[in-house]
2 protein chains.
Amino acid sequence: MLFQKLVFELLVPIYTKSFILYTNEDILCKGANSLSISSRFSVGIHILSLLEINKGGVSSSDFIAKSVNTNPVVIRKIIGMLKNAGLVNVRPGIAGAEPARDLSEITLLDVYKAVNVVQEKALFSVHESPNPACLVGRNIQDTIGPLFSEAQLAMEKSLGNVTVEDVVKDILKRES
Amino acid sequence: MLFQKLVFELLVPIYTKSFILYTNEDILCKGANSLSISSRFSVGIHILSLLEINKGGVSSSDFIAKSVNTNPVVIRKIIGMLKNAGLVNVRPGIAGAEPARDLSEITLLDVYKAVNVVQEKALFSVHESPNPACLVGRNIQDTIGPLFSEAQLAMEKSLGNVTVEDVVKDILKRES
DNA sequence: TTTCATTGTAACTAATTTGATTACATGTAA
DNA sequence: TTACATGTAATCAAATTAGTTACAATGAAA
Ligand code: FES
Ligand code: FES
């Protein structure tokens, strides 16, 4: 254990100096980068749309994975979350999933909440432990919190205005 | 070079097996986790508020860092972004930063854009390379894109309705 | 002009999250 | 029983965040 730790500490510098090589493209990426909400959300919407459009056939995780172009385990995990939220029916051992209710009664907000991409009131993070001896520091969190919540709710309200049925209709419309 | 790579590949398994140990708390964290937008945003708002409230004195990166409770380099990086966006004035070698315009003319959306926490039309990520042989796969991106953009814009519009002056006033109000 | 404080940056790190993958246990039906 | 599907744990590489050290460049004051 101790030997391994010592060897590790000796080797890591070799690793970092030898193999973390930066190309010109890397260097172009200056400054801070930015976030995106997990594609679990878009994949979740996709799965539900596909279940509808493939209603005649059997939508196994393998079948869905080929459409989404990912690994079946990724699909099963997301379907598990959709099931947990009461949006789909699946049973162990039995191939295929189905929507648990009519797609006109499932909004994008339902999917968004099901796949847990953003916690309530936590889309924006606020720096922790500001200085309580500072007038700004001891008030900034309480001041910013409601403003951030409102912005997040505005985004979520927008998602609540669209159903998965709308998505399916738009897909079919684009196809013709 | 080749030798180092070989040694590295031999050592890494030892490292991962020996030192990545999970506790009970780790195991409790099941399912998928979620994202938050970088606290650069809240720190940026804080900095501007502090510049206003400390208008009599000199707001060096050291001074601000003590209020925010972080490292001065973090502050300088964020101030650099605010400067780039034309929101503050700073000069190398000269202590202190100042707002570049009246705080009533700086919205939270200006700060949000300055600190680059979210790219345009990229708050939500959409899974890449879905199967073009699938009816859903070849249309989902075009269908979802505008819906996601609209939700993002709703959030950003909400941020545009609040100025940093509003934030400063609320801080002062809470203090009395 | 020398000295010193401050800003501007590059480089590195530990922690966290994502998406993918392997492996295997569990469940269902032919 | 065999074959196949779902459920789930464990591992991994890549990306991002927030923090840190180190140091160059700038400007003000002694
Ligand atoms: S610590 Fe964030 S406001 Fe001063
Ligand atoms: S819709 Fe995402 S790939 Fe079929």
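Lettering follows sequence order; numbering is per chain, from 1.
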Pair B:N161-B:S158, side-chain donor/acceptor within less than 3.5 Å: no
B:S60 side chain near C:dA5 phosphate (N/O to OP1/OP2, under 4.0 Å): no
Distance check needed: D:dA18 P versus B:I64 CD1, whole Å only. 17 Å
Is there a donor-acceptor pair closer than 3.5 Å between any side-chain N or O of B:S60 and the backbone N or O of B:F63? yes
Rounded distance (Å) that lies between atom P of C:dT6 and atom CZ of B:F63: 13 Å
Please list, pair by pair, any protein nitrogen or oxygen found under 3.5 Å from a nitrogen or oxygen in nucleotides 20-30 of chain C.
| residue | atom | partner | partner atom | Å |
| --- | --- | --- | --- | --- |
| C:dA20 | OP1 | A:T70 | OG1 | 3.4 |
| C:dA20 | OP2 | A:T70 | OG1 | 2.6 |

How many whole angstroms separate atom CE of A:M81 from atom C1' of C:dG19? 13 Å
Round to the nearest Å and state the distance from B:I78 atom CD1 to D:dT17 atom C1'. 11 Å
Measure the acute angle between the ring planes of B:F148 and A:F41, then classify it against the limits of 30° and 60° as parallel, tilted or perpendicular. parallel
Side chain to side chain contact (heavy atoms under 4.5 Å, CB included), that's the test. Do B:L159 and A:F124 meet it? Break it down for me. CA-CA 12 Å; B:L159 295 177; A:F124 300 91; 4.2 Å; yes
How many Å lie between CD1 on B:I75 and P on D:dT20, as a whole number? 12 Å
Side-chain donor or acceptor of B:N131 paired with backbone N/O of A:K66 under 3.5 Å: yes
If I take atom CZ in residue A:R40 and atom C1' in nucleotide C:dT18, what distance separates them, rounded to the nearest angstrom? 8 Å
Do A:Q152 side-chain atoms and A:E120 backbone N/O form a donor-acceptor pair below 3.5 Å? no
Do the side-chain N or O atoms of A:S39 get closer than 4.0 angstrom to the phosphate oxygens (OP1, OP2) of C:dG19? yes
What is the distance from CG of B:D62 to P of D:dT20, rounded to the nearest Å? 13 Å
